[in-house]
Amino acid sequence: MSNNKTVSAPSHVLPALPYAENALAPAISAKTIGFHYGKHHKGYVDNLNKLAAGTKFAELTLEEIIAATAGKADNAAVFNNAAQAWNHAFYWRSLTPKGGGKPSAALMEKIKADFGTLEDCKKELAAAATTQFGSGWAWLALDGGKLKVVKTGNADSPLTKGLKPLLTIDVWEHAYYLDYQNRRADYVGAVVEKLLNWDFAAKNLG
Ligand SMILES: [Fe+2]
């Protein structure tokens with residue numbers, strides 16, 4: 001976050017997509033990305049800026065806002081918009097054109113240690129994404145040094161439980177309905193096999 005903002009400058013800006021809107025097709029169409037990024041993600045950032053303006057949250061980073069508002073009913077709207085802004089920025093980086101494939105050696109070793117095989121890891125991630133009831137997210141995350149698959153509802157994120165996310169899959173209907181209608185499993189399968197950015201996951205592993 002910039003420290004030399006003008007008074008009217010919004011605290012949070014919509015981060016650029018790391019690829020063109022049509023770069024994930026056919027797994028995810030340009031039309032879906034156009035709405036998902038240009039309307040939904042942008043909406044969370046805009047709403048957060050409106051809600052935070054003139055409050056103690058105006059000068060905080062997304063991570064700081066999430067930590068300060070998680071589980072607090074009075075700040076639910078701020079939390080939801082900040083967490084969704086963070087989750088979506090992380091989701092776009094979790095995907096890449098020509099993704100899928102195999103992680104690099106160090107991450108692969110970690111996956112084998114904690115899941116058995118890459119296939120087991122992918123199956124668990126896909127199952128979490130497919131079975132999350134209603135809107136939410138499936139994550140590959142580090143929990144105290146161990147890789148785990150977790151799912152969160154609505155805007156919630158593993159950050160609020162002290163976990164370190166490596167990858168995420170958005171399973172809100174807006175992520176897939178234009179392309180797949182109610183076939184969430186088909187969307188999840190395409191993401192896992194064709195789009196997951198294992199290099200991003202390896203960077204997050206550190
Ligand atoms: Fe989304």
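Just follow the structure's listing: the first ligand is 1, and inside any ligand the first atom is 1. Keep in mind that what you see is a predicted model, and the values were worked out from it rather than measured.
Between the Fe ion (ligand 1) and His88 there is an N/O/S contact shorter than 2.8 Å. Inclusion of His174 in the first shell of the Fe ion (ligand 1) is supported: an N, O or S atom falls under 2.8 Å.
Taking the Fe ion (ligand 1) as the corner point, the angle from His36 atom NE2 to Asp170 atom OD2 is about 90° (rounded to 10 degrees).
Atom NE2 of His88 is separated from atom NE2 of His174 by 3.5 Å, given to the nearest 0.5 angstrom. In this structure, Thr168 OG1 and Lys151 NZ are separated by 13.0 Å, a value rounded to the nearest 0.5 Å.
In this structure, Glu193 pairs ionically with Lys122, as a charged nitrogen and a carboxylate oxygen lie closer than 4.0 Å.
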For Trp137 and Gln132, what are the C-alpha separation, side-chain angles and deciding distance, and is it a side chain to side chain donor-acceptor pair (under 3.5 Å)? CA-CA 7 Å; Trp137 302 81; Gln132 164 59 29; over 6 Å; no
